[in-house]
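One-based numbering along the sequence shown. Just so it is clear, the structure is predicted and the values come from calculations on it, not from any experiment.
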Amino acid sequence: MCAKPRAAQPACKEAAVAATSTSRWLQWSAPLRRTLRSPDSLRRVAALLGGLMAVGTARAVDLPEERAEGMIHVYNGGGITASGPALLVRKNVADKVSLSAGYYLDAVSNASIDVVTTASPYRERRTEYNVGADYVYRDSMLSLSLSNSKEPDYTASTASLDVSQEVFGGMTTVSMGFTRGSDKVLKHGEPAFADSVTHWQYRFGVTQVLTPKWIASANFEAISDDGFLGSPYRAARVFGAAVQERNPRTRSSRAIKLRAIGDLGNRNAIHAEYRYFCDTWAIKAHTLEGGYSRYFGDLWLADAYVRFYTQKHALFYSDNAQSETLYVSRNRQLSTFNDIGIGAKLSYTWKKVPGKYEIKANGAYELVQYKFKDFTDIRTGSPYSFNANVLQLYVSATF
């Protein structure tokens, strides 16, 4: 069995684009509180702001819509191809509880720069199952979710609890949540190797109705990781020689995200967001995104957006270290780099019977360009860069 580089989940940042997009897709059936956490869902909400904001009277929190969704996703970039299906079903019970279940599959073919310069390309599958329940009582919602994903050498399990409360007649929504994750790390070819990682995430958010046409939100999260935070396969370089990477076994991070979405009239909407991230490994990152949504008639909804991300390298990262240190890594996710993504989505209402059901066909595409400042392609001696493509085709039905 050939050795294969791997970071802590997900395997690499660019491959995580597909997983992140799928996570956004799975959250579309969540209530407004959780919808506002998802950029993709944000665009959908923005397009419908006129209708949402027209509700001026106080009312109890609504359960998510009953729905079923199926998607095929494809990611290709940097020598990695990942594809597979994703499914989601949500059913409400007694007007108080909403139950959901999801399935996600990634079939990965990896010939990334880490692999082709240190080992042989490989193929594997990752499967994920998740279940959730939402309970509504007056202006409050309690949400519980569980998930489990498995790869040949990595298993991850998470449990999340979220609470949200509408106040001031529904004009303000306050939410808080907690997630605990537990991962098990193995290594091909070395049965004796086994390690673990534990994750804790705390989050707090406020969503505010500013005017009949504008919503703003602020979300804060704190994450603490403890355990094996590197890769049993990845090599660093010290004086040009390959050595096993050595990462700290603890990491804490903080992030804050600000969003605003507004109705421009005539079924047009825009959104803007900014996110700042920092951690105890000295990484600092900024994300900017802006987008536009528009209805064409009653059947077509189009979205377009641009996102820019920039990051400074970790304290112990080095493309080729010139001294021996306690920690050293050549993981390009920890390097200095930036990326820009341009995406579009088109939604078509295929069939609709008011009060009974609605079926929509959706397609989404994103092009992401990555440019690394201090990670060198050792085959050419030049800074590494590549483009990635993400395609999603899915059908959603509410009933």
Side-chain angles (χ1 to χ4, degrees), residues 20 23-25 27-65 134 136-143 162-177 202-222 254-277 285-296 298 301-309 341 343-345 347:
T20 302
S23 298
R24 297 171 183 170
W25 170 79
Q27 292 176 4
W28 282 350
S29 54
L32 179 61
R33 171 184 58 80
R34 289 186 297 177
T35 301
L36 289 175
R37 295 179 187 164
S38 164
D40 222 358
S41 301
L42 189 66
R43 288 186 285 276
R44 173 171 290 196
V45 174
L48 301 176
L49 265 180
L52 288 174
M53 306 303 286
V55 182
T57 59
R59 57 182 177 81
V61 175
D62 291 329
L63 282 174
E65 290 182 301
D134 299 289
V136 168
Y137 180 74
R138 294 185 179 178
D139 295 330
S140 302
M141 177 176 287
L142 177 67
S143 302
D162 287 274
V163 179
S164 69
Q165 174 72 47
E166 289 189 356
V167 294
F168 305 122
M171 300 295 287
T172 304
T173 300
V174 180
S175 62
M176 61 184 65
Y202 305 87
R203 49 192 174 271
F204 176 80
V206 176
T207 300
Q208 177 66 47
V209 177
L210 301 177
T211 73
K213 293 187 176 183
W214 285 90
I215 290 177
S217 66
N219 291 277
F220 172 80
E221 70 176 16
R254 305 289 184 268
I256 185 170
K257 179 179 284 188
L258 306 175
R259 290 193 181 108
I261 52 180
D263 178 14
L264 301 179
N266 297 319
R267 310 190 78 186
N268 295 271
I270 58 172
H271 85 269
E273 66 179 56
Y274 168 74
R275 182 177 187 267
Y276 173 74
F277 170 93
H286 304 267
T287 307
L288 288 170
E289 180 175 324
Y292 173 74
S293 303
R294 179 183 176 85
Y295 266 105
F296 293 90
D298 295 328
L301 170 62
D303 303 286
Y305 65 94
V306 176
R307 183 187 64 255
F308 178 76
Y309 175 88
K345 184 178 68 178
S347 176

Can you list the residues that meet the side-chain contact (heavy atoms from CB on, under 4.5 Å) rule with [X], with sequence neighbours excluded?
{"X": "Ser140", "result": "Gln165"}
{"X": "Ala222", "result": "Phe220, Arg254"}
{"X": "Ala218", "result": "Leu258"}
{"X": "Leu264", "result": "Asn268, Ile270, Tyr292"}

Quick check: closest heavy atoms across Asp134 and Pro64, and the distance to 0.1 Å?
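Here Asp134 and Pro64 meet closest at OD2-CG, 4.1 Å.
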
Of all heavy-atom pairs between Leu63 and Met141, which one has the smallest distance, and what is that distance?
CA-CE, 4.5 Å

What residues form a side chain to side chain donor-acceptor pair (under 3.5 Å) with Asn266, not counting sequence neighbours?
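Residues passing side chain to side chain donor-acceptor pair (under 3.5 Å) with Asn266: none at all.
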
Tyr202: what forms a ring pair (Phe, Tyr, Trp, His ring centres under 6.0 Å) with it, not counting sequence neighbours?
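Residues passing ring pair (Phe, Tyr, Trp, His ring centres under 6.0 Å) with Tyr202: Phe178.
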
Report the residues that fulfil ring pair (Phe, Tyr, Trp, His ring centres under 6.0 Å) with Tyr276, sequence neighbours left out, ordered by chain and then residue number.
His286

Carboxylate-amine/guanidinium proximity below 4.0 Å for Glu273 and Arg259
yes

Can we say Arg275 and Glu221 salt-bridge, meaning some charged N sits less than 4.0 Å from an Asp/Glu carboxylate O?
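Salt bridge between Arg275 and Glu221, a charged N being under 4.0 Å from a carboxylate O: yes.
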
Are Arg267 and Asp298 close enough that some pair of their side-chain heavy atoms sits under 4.5 Å apart?
yes

Residue pair Thr172, Val206: steps toward the side-chain contact (heavy atoms from CB on, under 4.5 Å) verdict:
CA-CA 7 Å; Thr172 304; Val206 176; 3.9 Å; yes

